[in-house]
Amino acid sequence: MKKQFINESFPHMLHGGDYNPDQWLDRPDILAEDMRLMKLAGCNAMTVGIFAWAALEPEEGKFDFSFLDQTINDVYQNGGRIVLSTPSAARPAWLSMKYPEILRTGEDGIRISHGRRANHCYTSPIYREKVATVNRLLAERYAHHPAVIAWHISNEYNGKCYCELCKEAFRLWLRKKYGTLDALNHQWWTSFWAHTYTDWSQIDPPMPHGETSSNGLTLDWKRFVTHQTTDFMKAEIAPLRAANPAIPVTTNMMGTYDGLDYRVLAKELDVISWDSYPKWEDNETDIQKASDTALVHDLNRCFLHKPFMLMESTPSVANWHEYSKLKRPGVHMLSSLQAVAHGSDTVQYFQWRKGRNGIEKYHGAVVDHVGHEHTRVFRDVASVGARLAKLDGIVGTGTVSRVAVIHEWANRWALEAANGFQLRDKKYGKTRNAYYHALWKRGINTDVIGYEDVFSKYDLIIAPMLYLVSDELIAKMEAYVKEGGTILCTYTTGMVNENDLAYLGGFPGGKLQEVFGIWNEAIDSLFPTDVNGVSYRGRTYQAVDYCEIIHARGAEVRGTYTSDFYAGGAAFTVNNYGKGKAYYQAFRDTGDFCDDLIGEILQSLGIRSDFDGPLPYGVTAHSRTDGESVFVFLENYSKTEKKTRTAQQWQTVEDGTPITGEITLAPHETLILQRPC
Ligand code: GLA
Ligand code: ZN
């Protein structure tokens with residue numbers, strides 16, 4: 001198995017983060033001290049230039065790269081490397097004043113005033129030109145500097161613009177997608193409420209004071225926002241790749257942020273990175289939090305199916321959380337190594353040093369206002385640096401998963417916009433996470449994939465609430481099961497096509513009724529106080545929120561409702577289809593049914609953790625491999641000591657200590673073990 005490095009020239013775990021020397025240009029003493037402290041903290045990769053446009057181009061056309069020259073050289077001489085950012089996420093005031101078209105227009109139609117960040121128009125030709133110029137100059141100057149190992153494009157792209165330029169671009173995008181207005185009118189079902197369009201110019205984005213009742217429009221507008229953001233990003237990347245295609249390009253993403261379909265952005269990147277800020281609470285709910293965070297790491301790994309970068313995390317507090325609670329002892333090490341366990345080759349922070357003013361002056365940083373290294377946070381960071389330095393053997397290694405969970409943006413967009421079911425909260429994320437949790441706690445490597453991923457390499461695919469399915473996807477699911485795959489779907493499966501147009505002929509749509517061997521006649525959305533029951537294998541599980549009334553059409557009925565007018569009716573079925581199996585869970589459970597079910601399915605497919613010992617709740621194990629060795633991260637998310645045992649012969653990765661038999665994990669401890677595959 002070939003290792004895949006972020007940058008082959010520096011095959012080490014990266015440790016460091018956002019560094020803003022441009023905030024300290026009048027304090028050369030502090031900049032010099034930074035180098036000493038970086039060494040002490042084991043920081044070898046600093047991200048610079050993110051919000052530095054005002055320093056780089058203080059006046060239009062007048063550039064000053066002196067601070068970057070110095071920083072890049074200093075970090076390099078200090079043994080470190082640079083992740084070099086483009087500055088587009090925040091612009092100098094002169095730029096906004098001179099070219100107001102670059103300022104974003106809100107959904108209320110009002111153009112914003114200069115301020116904050118990440119709020120430019122993605123369509124504006126002037127903004128694109130200004131960004132291209134500064135990016136080209138950066139690239140010409142630094143793309144061959146040996147310190148520069150990656151490009152960091154902008155910062156956390158987000159939001160949308162409703163200016164005339166963006167609206168026009170949206171109409172063009174629609175024309176390209178549908179070809180004719182007739183096609184669009186049909187897919188969006190515009191004869192409803194006399195919404196038929198007779199000219200492309202009549203189409204506006206959804207806006208609170210305008211159109212809010214067209215599901216098709218809402219969905220396509222979200223897709224367009226992704227398209228336009230990606231298009232802007234491509235324009236940013238072009239001059240960088242032109243200067244040196246060997247420097248990998250990334251942009252820092254925000255987990256499952258709803259505003260952008262990250263799978264589309266990911267296709268334009270060489271390496272994936274994301275910013276992770278879970279609210280670690282250090283109590284038993286942390287265990288669910290740990291698995292929710294693990295899922296997002298897996299999602300990021302699977303965008304390109306290779307090691308990714310944890311681009312930002314906090315060394316202590318995130319000051320935008322409701323409560324700036326300090327990370328408890330051990331939590332920083334645990335959460336940092338969790339990312340590595342799931343495929344990250346970096347642990348980076350926002351931020352290196354706390355600034356003196358502005359809204360982030362109390363955000364966690366490696367170096368506090370006190371300015372020295374004698375803080376608990378600094379020591380925590382330094383101990384992460386020391387451990388990462390011993391993990392060279394894991395850098396570039398991959399992850400092998402036999403199970404995948406589907407997370408797809410368009411699905412969530414359509415589902416959450418649907419007027420029906422439970423109106424306000426469909427709980428898509430929570431549902432997906434419940435199935436994932438059942439895998440996570442058993443130490444099962446899991447890929448988090450989308451519609452376009454290869455299905456056939458998985459033995460089991462779990463697709464909770466897979467509401468939006470194109471004909472193409474139906475065919476792909478059918479082929480997957482027919483050829484021997486196992487799939488688990490739930491209530492609200494296969495109801496609309498890719499444009500949110502409901503399927504005719506019964507749910508789930510088209511051939512899925514044959515694959516699952518059922519017909520879903522209706523969905524009963526329960527009041528929050530309602531509970532039904534489902535009897536399965538001699539036990540009664542609670543059914544909440546959704547109970548579908550399904551009819552077996554070839555499937556074996558394994559679970560039945562215990563009350564209400566559909567008591568005795570099918571609630572859980574399995575269908576043998578071709579060489580595979582299709583499970584259908586028609587009701588939402590409270591976590592115990594899906595947990596038991598996943599356990600049962602894993603057992604029937606012989607899917608096991610790479611770690612052979614028992615995993616008490618709160619302890620889990622995830623692995624990476626280079627094809628010769630398997631590296632297992634045995635992680636204890638619990639506040640108490642936990643015991644397990646292994647019959648396998650391991651050694652610790654860091655110092656080669658042999659490990660077998662009983663293992664005791666201290667609270668929050670992570671053991672990194674290795675054995676031959
Ligand atoms: C985001 C941004 C950073 C910083 C952090 C604070 O991730 O990218 O610039 O604002 O949040 O948590
Ligand atoms: Zn715009």
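Remember, it's 1-based here, ligands and their atoms both numbered in the order they're listed.
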R328 NZ/CZ over W280 ring centroid, <6.0 Å and within 45° of normal: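 No - R328 does not lie over the ring of W280 by the 6.0 Å and 45° rule.
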Side chain R81, main chain L14, donor-acceptor under 3.5 Å: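 No; judged by distance alone, with no hydrogens or angles, the pair does not exist.
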Starting from [atom], what is the nearest protein heavy atom, named by residue and atom, and what distance separates them?
atom: atom 4 (C) of ligand 1; result: E360 OE2, 3.2 Å
atom: atom 6 (C) of ligand 1; result: H363 NE2, 3.2 Å
atom: atom 9 (O) of ligand 1; result: R117 NH1, 2.9 Å

Structural part of Q351 in contact with ligand 1, heavy atom criterion under 4.0 angstrom: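 None of Q351 does.
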Heavy-atom distances under 4.0 Å are what count here, so tell me which part of H321 touches ligand 1: side chain, backbone, both or neither.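 Looking at H321 and ligand 1, no heavy atom falls under 4.0 Å.
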Pairs meeting criterion ring-ring contact (aromatic ring centres under 6.0 Å, His included) with involvement of residues 94-121, two or more places apart: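 Every ring-ring contact (aromatic ring centres under 6.0 Å, His included) pair that includes a residue of residues 94-121, provided the two are not neighbours, is H120-Y122, H120-Y127, H120-F232.
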For [X], the ligand 1 atoms whose distance to one of its heavy atoms is below 4.0 Å:
X: W320; value: 6 (C), 12 (O)
X: E156; value: 1 (C), 2 (C), 7 (O), 8 (O)
X: F51; value: 9 (O)
X: N155; value: 2 (C), 8 (O), 9 (O)

Do S291 and H437 have side-chain N/O donor and acceptor atoms under 3.5 Å apart?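 Present: a donor and an acceptor within the cut-off.
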N135 versus W151, side-chain donor and acceptor atoms under 3.5 Å: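 No, N135 and W151 have no side-chain donor paired with an acceptor closer than 3.5 Å.
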Is the shortest distance from a Lys or Arg side-chain nitrogen in K160 or E107 to a carboxylate oxygen in the other one below 4.0 Å?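 The answer is no: the pair does not qualify as a salt bridge.
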Note: R223-D220 ion pair, threshold 4.0 Å (strictly below):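 Counted as a salt bridge, because a side-chain N and a carboxylate O are separated by less than 4.0 Å.
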Determine the interplanar angle of the F170 and W221 rings, folded into 0 to 90°, and report it as parallel if under 30°, tilted if 30 to 60°, perpendicular if over 60°.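 The arrangement is perpendicular - the two ring planes meet at more than 60°.
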Hey, mind stepping through N499 and K177 against side chain to side chain donor-acceptor pair (under 3.5 Å) and telling me if it holds? CA-CA 11 Å; N499 297 315; K177 173 171 174 181; 2.8 Å; yes
Could you count the protein N, O or S atoms found under 2.8 Å away from the Zn ion (ligand 2)?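 N, O or S atoms of the protein closer than 2.8 Å: 4.
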Polar contacts were defined as any N/O atom of the residue lying under 3.5 Å from an N/O atom of the ligand; does this apply to D18 and ligand 1?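 D18 vs ligand 1: no N/O contact under 3.5 Å.
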Taking the minimum heavy-atom distance to atom 2 (C) of ligand 1, which of M254, M311, E312 ranks first?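 Checking each option, the heavy atom nearest atom 2 (C) of ligand 1 is found in E312.
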Looking at K306, R301, R624, which hits salt bridge (Lys or Arg N to Asp or Glu O under 4.0 Å) with D345?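 Of the listed residues K306, R301, R624, the salt bridge (Lys or Arg N to Asp or Glu O under 4.0 Å) partner of D345 is R624.
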Taking it one step at a time, do Y262 and W274 satisfy ring-ring contact (aromatic ring centres under 6.0 Å, His included)? CA-CA 11 Å; Y262 282 146; W274 86 284; 9.5 Å; no
